[in-house]
Number of protein chains: 2
Amino acid sequence: MGRTPRMFSLNPSSGIPIYRQIVHQARFAIASGRVKPGDRLPSVRNIATQLGVNPMTVSKAYSTLEQAGVVVRHPGIGMVASEAGADPASAIDADAQALVRTAKQLGLSRKELVERINKQWEEEWTDQPIPLRRSR
Amino acid sequence: MGRTPRMFSLNPSSGIPIYRQIVHQARFAIASGRVKPGDRLPSVRNIATQLGVNPMTVSKAYSTLEQAGVVVRHPGIGMVASEAGADPASAIDADAQALVRTAKQLGLSRKELVERINKQWEEEWTDQPIPLRRSR
DNA sequence: AAAGTGTACTAGTCGAATTAATACACTTAA
DNA sequence: TTAAGTGTATTAATTCGACTAGTACACTTT
């Protein structure tokens, strides 16, 4: 049984908290289909050892994912990718909800909001991640 | 000339930072049309005195508003409500942009994103657009 | 000049977020 | 039953950014 290819990697210099990096990578792995619903995720201690961090840090990441419905906890077994998490759209629900909320608070109509989204869609070019500005 | 009715008020017990309360109230005053494009906003020191806070705190609020395009700085004159700020939709642009970006990263189509927005719109109940609270 | 505008710089305080150490409850497999 | 595996509750230390304020400055208007 060949060891599973390391599923997570850390970028210490990114400034992004460890547990969030784990959350992001796991969520993306599932949303992209690399990990399918029903598949087990690496155990807390497995990841903790691999990355050299405390098990609790990994646990926090998993709890966050469970809270988000991306993963289901199976006592004694571990964390398993859920059906819901396999839908890429689910990953944006939290952000979408926040946006809708503020839009409503501002008295925007649904149509106006969608219009705004469409506009942003045109303007937003993801190909070039971000027009990085090099020092002269 | 009658003193301008106090434009800002603080709710110390709300836990919301002072400068954010100012930002919110100013933005709403403009977005709602109570303050029209071209109108001057109260001066930093004026507000600071009224509210009993440091001028820098007010300045930070104004800087935030300028950053958001709600207000324009006129050196020697003060802060003036902008055209853009009068459009309530402009207030959500930053959030909308962030959402669009992650959606694209996840490989979502524009249609799927809009669909998700619509779904959230149905589920999200914000009966009171903005519960303006008059002191009884 | 005098009086008004906003702000750069500095510094202090405070609280939430992050990470870790440890011990525990639980399930599976032998 | 027991050994080895799973995730986690509790507690605590620490870090780090948000917030606020004091002061002095550059600027424009009148």
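Lettering of chains follows the sequences in order, A, B, ..., and the numbering in each one begins at 1.
For the pair A:T57 and C:dT19, the criterion of a side-chain N or O lying under 4.0 Å from OP1 or OP2 is not met.
Here D:dA24 presents its P atom at 13 Å from CG of B:N54, a figure rounded to the nearest Å. As a whole-Å value, the separation of B:L51 CG from D:dC19 C1' is 16 Å. Counting to the nearest Å, the C1' atom of C:dA2 and the CZ atom of B:R45 are 14 Å from each other. The separation between A:Y19 atom OH and C:dA16 atom C1' is 11 Å, rounded to whole Å. Whole-Å rounding puts the B:I22 CD1 to D:dC19 P distance at 12 Å. A straight line from CE of B:M56 to P of C:dT5 spans 16 Å, rounded to a whole angstrom. One atom, CZ of A:R40, and another, C1' of D:dG5, lie 9 Å apart when rounded to the nearest Å. Between A:I47 atom CD1 and D:dG5 atom C1' the separation is 15 Å, expressed in whole Å.
A residue-by-residue look at A:V53 and A:I77 shows that A:V53 has its nearest nucleotide of DNA chain C further toward the 5' end. Each of B:I16 and B:P55 has a nearest nucleotide on DNA chain D; the 5'-most of these lies closest to B:I16. If you find the closest nucleotide of DNA chain C to A:P75 and to A:R20, the one lying nearer the 5' end belongs to A:R20. Nearer the 5' end of DNA chain D, as judged by each residue's closest nucleotide, is the contact made by A:N46, out of B:P17 and A:N46.
Within the model, atoms CD1 of B:I117 and CD of B:E112 stand 13.0 Å from one another, a figure rounded to the nearest 0.5 Å.
Contact annotation: the side chain of A:V80 never approaches that of A:L41 to less than 4.5 Å [non-hydrogen atoms, C-beta and beyond]. A:L113 has its side chain within reach of A:L99: a pair of non-hydrogen atoms, C-beta onward, lies under 4.5 Å apart. Side-chain contact between A:I47 and A:Y62 is present, with heavy atoms from C-beta onward closer than 4.5 Å. You'll find the side chain of A:V23 stays beyond 4.5 Å of the side chain of A:V70, heavy atoms only.
Taking the charged nitrogens against the carboxylate oxygens, A:D87 and B:R116 do have a contact shorter than 4.0 Å, which makes a salt bridge.
Results of the side chain to side chain contact (heavy atoms under 4.5 Å, CB included) test with A:L65 over A:K60, A:M79, A:R73, A:R27 single out A:R27 as the only residue that passes.
In the region residues 58-68 of chain B, proximity to DNA chain D at under 4.0 angstrom, judged on heavy atoms, holds for B:K60.
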